[in-house]
Structures are given as structure tokens and as C-alpha cells.
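To start, the structure under review is shown below, and the notes come after it.
None of the values given here were measured: they were computed from a predicted structure. Along the sequence shown, residues are numbered consecutively beginning with 1. Indexing begins at 1, ligand by ligand and atom by atom, following the structure's order.
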Amino acid sequence: MIKNLQEHPDGPVTVSGWVETVRDQKRVQFIVLRDESGAAQLVNSAVRELDPEAPVENGEARLAVTEAISELSHGSFITVTGELIHNERVKLGGLEVKIEALSVITHANPETPIADDSGLDKRLDWRFLDLRRPEQQLIFRIQTTMLHAFRTVWIDKGFIEIQTPKLMASASESRAELFELEYFEGKAYLAQSPQFFKQMAQAAGFGGVFEVGPAFRADHSFTSRHATEFTSVDMEMSWIDSHLDVADVHEELLVTALTAVKEKHGEDIERLFGITVEVPSRPFPRIPLAEAKDIVKRRGYEVPRDDADMDPEGERQISAYVKEELGHDFVFLTDYDKSIRPFYHMRNPENPELTNSYDLIYNGVEISTGAQREHRVEVLIEQAKEKGMVPEELDFYLDFFRYGVPSHGGFGMGLARVLMLLLQQSSIREVTYLFRGPTRLQP
Ligand code: AMO
């Protein structure tokens, strides 16, 4: 790998990679070669023609190498054998490789379909080329570190990893945004969330469970934060007193993940994105939704009256307030009105108009919904009816609560939203390996 050249002594080496640039001067040729670990300069003393009067050593071979370099297109994949020379005057890493032999493994078409200034849609059309950029690769290294850190926390707590089915016989959240598909003689639906089946694990006596998997929403919106398929980071745990116990674990996961990201990638993030990773302090601020709306109103923004939820501008405003007053990037908005929460959220015992639930806002955008679940089956049935649902259609789910189940709760978190907000990107499309939206099914 190119990064290993740093430690390697001067002498023979072989490197492979993509041609980033070629500078083809009369007497000397330079190639910048990149692999996934870094970039290095290759250099060749050009032999343009064979002069029988003044023969050079290995003339024919060097003529062939020179010609091959002149014809190299950006993006071609080559293998080079040569001599490594450490030289402080070389800007790129203080070393270069003097080319002795070069073979072109695969040619790249000379006209590159995307450039550095191509628009997002065009770049997504050519995602594999777009992903060659070092900052893009960093995004997925950060994602890997984050997921690893989440898993470490869960595993240390004795949680079990589950994979719930994505083919469903019924809706997993509301019937809105539901993908329906033909399933032999009948119909099936794509899971919008692992909600019911992560709760099933509580009835099954698993204690704590987590899942990182796809969720599907037939959402027609073209916002920067919605996809029709996204990776949902889910957790569910038993023995809680309220949603605040879930929030505690949620915080621990994020603090552990951001600490790991800062340690491992902090310098690269600074260099490639100009961002200093902030590790949040605990506890994260917690503000009841009604109070948050008052705060936002005092700042001059009124959440539209018909919207019982916080709208995107409200989320930005409350985040700005929390950042200014409390110096924090995260805020839990708690105690959502029952009218805007699903039937399975537990109502607040002190005020049944409210639910034991929260949304977690990070740098101005919701990244997560969490809640304590209603575990008393009679209450659950009443709440389902109140939402216009037919309890009989939910029998498979209601059965989980008919044979003994502990108090429990959990959260779902959009992975791409966390990355987008951490790296201050304009859309989840930038941080999703392959984005899926209403008008994008390829590549
Ligand atoms: P909710 O529907 O709020 O809650 O989803 C949880 C989180 O998932 C992300 N998300 C999305 N990301 C990209 N594109 C979308 N279309 C999209 N929809 C949602 C968001 C959101 O905060 N079952 C509950 C979770 C729970 O209570 O455990 C649920 O799915 O970041």
C-alpha cells in the first residue's frame, strides 16, 4: 500500500493504484498515483526516441514506458515497479518512486463523466467514481468506526444483535409511506421499522437488543433528510422506568462513538472537511416539547399552529438556543403530545395527554425517536382504536403482551442523518453509500 512507503527504506518497490494526474514533460514525466491508503509521486526520465549513436541502457523498454505514460488517462489502474527514493523536496509525502517497469492493468475511458464541480445528481449517477475522492472514503471509515463503537457499548451491556424481517404482512408504522409489493398470490409490505419485532424480543426475554438494518418508507418528499430506503440504528431494552432510561443509553452510545471518531479520524476530518469533532458532555440537555416551542417563540419563530410537532425551522431554532445557552450540539425534546405519537408509545402517568417519548435533535435536525412502550395489552388496544386502527389486524403484535412482558423502551436513529450533521453536509445523499429516493433507483 502507498501509505507503507513512508516506513519503507530506499530501494525496489511495487505499487498499484489509480492514476490521479500525469505531467508529461519533455525530459521527465510525473504521475500521481492513488490507492485507498494515500497518494505518491512516480517519476520517469523520458526516453523519446532511440539514438543508435548514443544508446541508453534498456533503451527499448524505457521508450515503451515513456510512451505508455504519455497515453495514460486519468483513472487508469496501473502497477509500477521501481526504486523508492525518500526526498524531502518532494511535496507529496517526501518521497517518490523512480519507474522501472509499468503495466496498465485496466485503462480508463479518457473522458471522465464527472468533475470536481459536477452537481450532486451527476455525481450520484457515477457514484463509484465519486467515492474515489478521499473525503468520500473518509465518510465510510467514520461510519464503520461509529457502528463499531455502538456495537461495543451494546455488547458490553449484554445486548443481543437481531435481524428482523423486512418483508411484512402489515404496516410496521402508519399506513402512510408504506411500500406494497406482490407476494406470490397475495401482498407483502416492506418494513418501515423493526419496531414490532424488536419489541417481540422483550416478550421473548432477550433483555436488550439492537439492530442496524434497512428501513423503507414510500416518502415522496425530496428533502435533504429523507430517503425511501435508509439504515436504521435500533435498540430496545427491558426493565426501564421511563423513556429517560432509554435516553441515558442513547447518550452513552453517541458519546462513545464520537470519542472513537475523534480519536481515529479527528485529524483527517479537520484536514478534509475543516471540522473539529466535538465530543458532547453528558447529560444532554432535555427540554419538554411545549417548553421548547415557547423558547423558540421567544426567539421570534412560531411553529405553525396546526403542527403539533416541531417543524424543521423549529428544530433549527431550538438547537441554536441550546448551542448558545448551554453550549451543546444535542438536545432531547421530551413529552410529545399523544396526538403526534404512535399508539404504542406509553402515555405519561401524570398527564395522559403526553407520551413518555423523545426526539433527539443534533445540530438542528431530528436524528432519532425514542419512547417507553405501552406494555399493558388492554391499554394498548384502546390506544390503537383511538388511532383508528383495527386491533384484530394487530393480533400477532398484541399477542406479545398477552403472555407476560416487562416494561421496555427503545429508539430508532437514522444513521445517515448523524453522519450528515457531524460532517456538516447538505444532504444525506452525500453520506449514503447508494441513495434511494422517489426518482433514484440506480446505480
Ligand atoms: P421514526 O419514524 O421517527 O421512528 O424514525 C426514526 C429515525 O429514522 C430516521 N428516518 C429517516 N431517515 C431517512 N429517510 C427517511 N425517510 C427517514 N424516516 C425516518 C430519522 C428518524 O428520527 N419505530 C420508531 C423508532 C422507535 O421508537 O424506536 C421510528 O421508526 O433519523
| field | Expected output: side-chain S368 to main-chain D359 donor-acceptor under 3.5 Å | value | no
Point to revise | Side-chain (E252) to main-chain (D248) donor-acceptor, under 3.5 angstrom | key: no
Would D219 count as a polar contact of ligand 1, with the cut-off being nitrogen or oxygen pairs under 3.5 Å? no
### Message
When you compare the side chains of S170 and E393, does any donor N or O come within less than 3.5 Å of an acceptor on the partner?
### Response
no
Practice task
Check the side chains of H345 and Y336 for a donor-acceptor pair under 3.5 angstrom, ignoring hydrogens and angles.
Solution key: no
Considering only NZ, NE, NH1 and NH2 on the basic side and carboxylate oxygens on the acidic side, decide whether R402 and D399 come within less than 4.0 Å. yes
For this session: Name the orientation class of the two ring planes belonging to F196 and F343 (parallel below 30°, tilted from 30 to 60°, perpendicular beyond 60°).
Result: perpendicular
Quiz item: Quick one: does S232 get a heavy atom under 4.0 Å from ligand 1?
Solution: no
for atom 5 (O) of ligand 1, nearest protein heavy atom and its distance come out as R217 NH2, 3.7 Å
Counting heavy atoms under 4.0 Å, the part of Y362 that contacts ligand 1 is neither
Ligand 1 to E366, heavy atom cutoff 4.0 Å, flagged ligand atoms 3 (O), 21 (C), 22 (O)
- Query: Does an N or O anywhere in G414 fall below 3.5 Å from an N or O of ligand 1?
  - Reply: yes
S368 heavy atoms within 4.0 Å reach ligand 1 at atoms 22 (O)
- Item | ligand 1 contact by Q199, heavy-atom criterion under 4.0 angstrom | no
among protein heavy atoms, the one nearest atom 8 (O) of ligand 1 is F230 CE1, 3.5 Å
Looking only at protein heavy atoms, what sits closest to atom 4 (O) of ligand 1 is T369 CB, 3.7 Å
Taking every heavy atom of K323 against every heavy atom of D329, the minimum-distance pair comes out as NZ-OD1, 2.7 Å
Within the 4.0 Å heavy-atom cut-off, what K198 brings close to ligand 1 is side chain
Report yes or no: does A371 have a heavy atom closer than 4.0 Å to ligand 1? no
Counting heavy atoms under 4.0 Å, the part of Q192 that contacts ligand 1 is neither
among protein heavy atoms, the one nearest atom 14 (N) of ligand 1 is A227 N, 2.9 Å
Exercise for review: Assess the side chains of S242 and Q372: does a donor N or O sit below 3.5 Å from an acceptor N or O?
Suggested key: no
Quick one: does R225 get within less than 4.0 Å of ligand 1, heavy atoms only? yes
Exercise. If we ignore angles and hydrogens, is there a donor and acceptor under 3.5 Å between the side chains of Q383 and R341?
Worked result: no
The protein heavy atom nearest to atom 31 (O) of ligand 1 is I367 O, 2.8 Å
Is D125 paired with R440 through a side-chain N to carboxylate O contact shorter than 4.0 Å?
yes
Closest to atom 6 (C) of ligand 1 among protein heavy atoms sits G412 O, 3.5 Å
At under 4.0 Å between heavy atoms, what of S193 touches ligand 1? The answer is side chain
for atom 27 (O) of ligand 1, nearest protein heavy atom and its distance come out as R373 NH1, 2.9 Å
| query | Any chance the side chains of S224 and S427 put a donor and an acceptor closer than 3.5 Å? | reply | no
The answer for which part of R417 has a heavy atom under 4.0 Å from ligand 1 is side chain
In terms of heavy-atom contacts, G364 and S319 come closest through N-OG, 2.8 Å
task = Consider ligand 1: state whether an atom of it lies below 4.0 angstrom from any non-hydrogen atom of Y344.
result = yes
